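Below is one structure; the comments refer to it alone.
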Amino acid sequence: MTNHSKTIVIDDAVPYAEAIFSHLGKVITLPGKSINAQTVKNADALIVRSRTQVNADLLDGSTISFVGSTVVGLDHIDQEYLTNNNIHFYSAQGCNSNSVAEYIITVLFELAEKFDFNLTDKTLGIIGVGNVGQKIYNKAKLLGITCLLNDPPRLEKEPGLVASDNYVDLNQCLTADIITVHTPLTRNGKHPSYNLISADKLKQIKPHQILINAARGGVINEEAWVNTNTKANIIDCWKNEPEINESLYQSAYLATPHIAGHSLEAKVAGSTMVYEELCKTWNISTQNDWMKELPEQPNIITVSQTNSIQKALNEIFNKTHDINRDDAAIRSDDIQKLHNKYEKYRRNFPIYREWDQQRIKKTNSQKLNNLLKKLGFTLV
Ligand SMILES: NC(=O)C1=CN([C@@H]2O[C@H](COP(=O)(O)OP(=O)(O)OC[C@H]3O[C@@H](n4cnc5c(N)ncnc54)[C@H](O)[C@@H]3O)[C@@H](O)[C@H]2O)C=CC1
Ligand SMILES: O=C(O)C(=O)[C@H](O)COP(=O)(O)O
């Protein structure tokens, strides 16, 4: 039964918001950017993704006592303000890490196909080895890709990692053939990541190297990146989204509108993690009736050839999430059109499912079948 005494304001990009949250109170859904002081003034809970700045300007004078974020980045949340004002805060850490990891692996196989190289001959540098970075590393290891890892904050907490894995300093990590960044965007503390790959660091980059940013705009210095000669730039996260830098955009071999973490499983995990926390906070039992609204399993994937395992994997990954489609969806030489398409496309992003939801028709290659199972696919 709905509790009409509570009001919950929710970003309308949170899937199944009404179905999941409505038994807890009156649900008001709004575009994340339209959530303002007026709309939250008399509400009890606020549930955001990444597009709402959560701070004193938004919450001063409101009745909000719970803020939930169904995404991972925290750079849009003034956590100190929330703590000082006794507002319970919860964010769904880890909810979309597998989605981002699958995006990166898909990108790697696409690059290998396009530039005709063997991934097992290349090194992959992973900067930030948290939920996302660790999953990329685990998958890369299964696929025989050599990795260099960089995460000074994690090493301080787990010094034993240096001995057991390929942890290196940032300069060495920047020598990898392909470099991918997965730190949060932070400006303070002992290891701020803003401008981590600075203009100076970018001078070390050689023309054979590939740079990927699916973390946040600003971790790699965009102004210097535009003028850095690389083999390819892959960019999912930008400064000033959706008004992204035109020159950097034109320099990108693959440019996607901040969708690496947008698998259905990631979005649903973010929503349910916040939902469970809100139920706990309000001391209400959880319900799962809304789950009947989830779509059916995707169709079985067939692989057209198995002579090259790398090519077969590229085909399969693309059939689960077509990143070229995401790039093409926003491509435009007219920057204004690009900016408009950017936000529109990500807000209406086509549903895709993670590998562990996918069924593949058994191939005639035992090696490929084994690899697919290890990557989470079901063989039928
Ligand atoms: N493109 C997309 O759709 C998505 C982007 N993200 C971004 O990726 C970031 C990482 O996500 P998770 O792995 O889930 O976060 P996490 O918090 O689990 O991992 C971040 C890791 O970065 C490390 N780190 C922090 N500062 C560093 C520095 N200066 N140098 C090297 N390592 C550093 C931390 O020690 C930690 O291990 C998020 O904060 C978010 O901004 C996350 C999900 C989706
Ligand atoms: O979790 C994060 O951090 C992300 O970057 C999300 O994938 C972004 O989600 P949106 O709310 O911007 O769709």
Side-chain angles (χ1 to χ4, degrees), residues 10-15 31-33 35 47-54 68-77 91-104 107 125-138 148-158 161 167-171 173-174 179-198 201 212-220 234-238 241-242 256-267 269-271 273-274 321 323 326 342-343 345-349:
I10 308 181
D11 183 324
D12 65 7
V14 171
K33 283 191 171 171
I35 296 177
I47 294 168
V48 295
R49 288 186 58 89
S50 75
R51 289 307 196 230
T52 311
Q53 295 298 318
V54 178
S69 169
T70 67
V71 297
V72 166
L74 296 166
D75 42 295
H76 59 305
I77 311 272
S91 71
Q93 291 303 302
C95 66
N96 48 22
S97 52
N98 195 52
S99 174
V100 181
E102 289 183 3
Y103 169 95
I104 297 294
V107 162
I126 305 174
I127 301 172
V129 195
N131 283 307
V132 172
Q134 183 68 47
K135 288 203 173 76
I136 296 171
Y137 179 41
N138 294 346
L148 297 176
L149 310 175
N150 175 260
D151 191 325
R154 190 170 165 195
L155 275 190
E156 278 173 13
K157 286 180 236 147
E158 302 165 74
L161 282 175
Y167 277 85
V168 295
D169 66 18
L170 183 56
N171 286 337
C173 201
L174 290 174
I179 298 157
T180 188
V181 174
H182 299 286
T183 68
L185 177 64
T186 53
R187 291 167 193 271
N188 304 306
K190 195 169 164 197
H191 301 286
S193 67
Y194 180 73
N195 203 30
L196 182 67
I197 319 297
S198 61
K201 294 278 177 216
I212 308 175
N213 186 3
R216 280 293 181 271
V219 177
I220 302 180
I234 315 299
I235 313 176
D236 182 58
C237 291
W238 315 72
E241 295 172 14
T256 53
H258 195 155
I259 49 73
H262 273 203
S263 71
L264 181 71
E265 282 66 40
K267 288 183 178 174
S271 303
M273 286 164 79
V274 170
H321 178 190
I323 45 176
D326 298 338
Y342 188 103
E343 210 57 13
Y345 185 64
R346 71 193 304 275
R347 280 177 52 77
N348 299 288
F349 191 62

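For ligands, and for the atoms within them, numbers begin at 1 and follow the listed sequence. Side chains are part of it too, since the values below use all heavy atoms of this structure and drop only hydrogens, waters and symmetry mates. None of the values given here were measured: they were computed from a predicted structure.
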Proximity of Val71 to ligand 1 by residue part, where a heavy atom lies under 4.0 Å: neither
Return yes or no for this condition: an N or O of Gly261 is under 3.5 Å from an N or O of ligand 1. yes
Asp236-ligand 1 polar pair, N/O distance under 3.5 Å: yes
Return the closest protein heavy atom for atom 13 (O) of ligand 2 as residue, atom name and distance. His262 NE2, 2.7 Å
For ligand 1, is there an N or O atom under 3.5 Å from any N or O atom of Ala214? yes
Atom 5 (O) of ligand 2: the protein heavy-atom neighbour that sits closest, reported with distance to 0.1 Å: His258 NE2, 2.5 Å
Counting only heavy atoms, which portion of Cys237 has something under 4.0 Å from ligand 1: side chain, backbone, both, or neither? side chain
Closest protein heavy atom to atom 25 (C) of ligand 1, given as residue, atom name and distance to 0.1 Å: Pro184 CD, 3.5 Å
Does an N or O anywhere in Gly73 fall below 3.5 Å from an N or O of ligand 2? yes
Any chance the side chains of Gln53 and His76 put a donor and an acceptor closer than 3.5 Å? no
Would you kindly say whether Asn171 and Lys201 are connected by a side-chain donor-acceptor distance under 3.5 Å? yes
Would you mind telling me which of Ile197, Asp151, Leu148 makes a side chain to side chain contact (heavy atoms under 4.5 Å, CB included) with Ile127? Ile197
Can you pull out the closest protein heavy atom to atom 10 (C) of ligand 1? Residue, atom name and distance to 0.1 Å, please. His182 O, 3.3 Å
Give the residue and atom name of whichever protein heavy atom lies nearest to atom 19 (O) of ligand 1, and the separation in Å to one decimal. Gly130 CA, 3.2 Å
Quick one: look up the protein heavy atom nearest atom 33 (C) of ligand 1 and list residue, atom name and how far away it is. Thr183 CG2, 3.6 Å
Top protein contact for atom 43 (C) of ligand 1, by heavy-atom distance: Asn96 OD1, 3.2 Å
Nearest neighbour of atom 23 (C) of ligand 1 from the list Asp151, Leu74, Ile127, on a heavy-atom basis: Asp151
In ligand 1, the atoms that come under 4.0 Å of a heavy atom of Val100 are 4 (C), 43 (C), 44 (C)
Polar-atom distance check: His191 versus ligand 1, any N or O pair below 3.5 Å? yes
Would you please test Val129 and Asn150 for side-chain contact (heavy atoms from CB on, under 4.5 Å) and show each step? CA-CA 7 Å; Val129 195; Asn150 175 260; 6.0 Å; no
Taking 4.0 angstrom as the limit and counting only heavy atoms of Arg216, give me the atoms of ligand 2 inside it, by number and element. 2 (C), 3 (O), 4 (C), 5 (O)
Using modelled atom types only, decide if a donor and an acceptor are shared between the side chain of Ser91 and the backbone of Val72 within a distance under 3.5 Å. no
Provide, to 0.1 Å, the distance between atom 31 (C) of ligand 1 and the closest protein heavy atom, together with that atom's residue and name. Pro152 CD, 3.5 Å
Flag Asp75 as yes when one of its N or O atoms lies below 3.5 Å from any N or O atom of ligand 1, and as no otherwise. no
What protein heavy atom lies closest to atom 17 (O) of ligand 1? Include the residue and the distance to one decimal. Gln93 OE1, 4.3 Å
Pairs of nitrogen or oxygen atoms closer than 3.5 Å, one from Val72 and one from ligand 2: do any exist? yes
Tell me: protein heavy atom nearest atom 38 (C) of ligand 1, and distance? Val72 CG1, 3.9 Å
Give the atoms of ligand 1, by number and element, whose distance to some non-hydrogen atom of His258 is under 4.0 Å. 1 (N), 2 (C), 3 (O)
Out of all atoms in ligand 1, which are within 4.0 Å of some heavy atom of Pro153? Include the element for each. 24 (N), 25 (C), 26 (N), 27 (C), 32 (N), 33 (C), 35 (O)
For ligand 2, indicate whether the residue Asn96 contacts it via side chain, backbone, both or neither (heavy-atom separation under 4.0 Å). side chain
Side-chain donor-acceptor contact under 3.5 Å, Thr256 with Tyr103: yes
Any N/O of Thr186 closer than 3.5 Å to an N/O of ligand 1? no
Could you please spell out the steps behind the side-chain contact (heavy atoms from CB on, under 4.5 Å) verdict for Arg216 and Asp236? CA-CA 8 Å; Arg216 280 293 181 271; Asp236 182 58; over 6 Å; no
Starting from atom 9 (O) of ligand 2, find the nearest protein heavy-atom neighbour and note its residue, name and distance. Arg49 NH2, 3.2 Å
Looking at Asp11 and Arg51, does any basic side-chain N land under 4.0 Å from a carboxylate oxygen? no
Just distances here: any N/O of Arg51 and N/O of ligand 2 closer than 3.5 Å? no
Purely on distance, is any nitrogen or oxygen of Val132 under 3.5 Å from one on ligand 1? yes
Taking atom CD1 of Ile35 and atom OG1 of Thr52, what is their separation to the nearest 0.5 Å? 4.0 Å
Is there a donor in the side chain of His191 and an acceptor in the side chain of Ser193, or the other way round, less than 3.5 Å apart? no
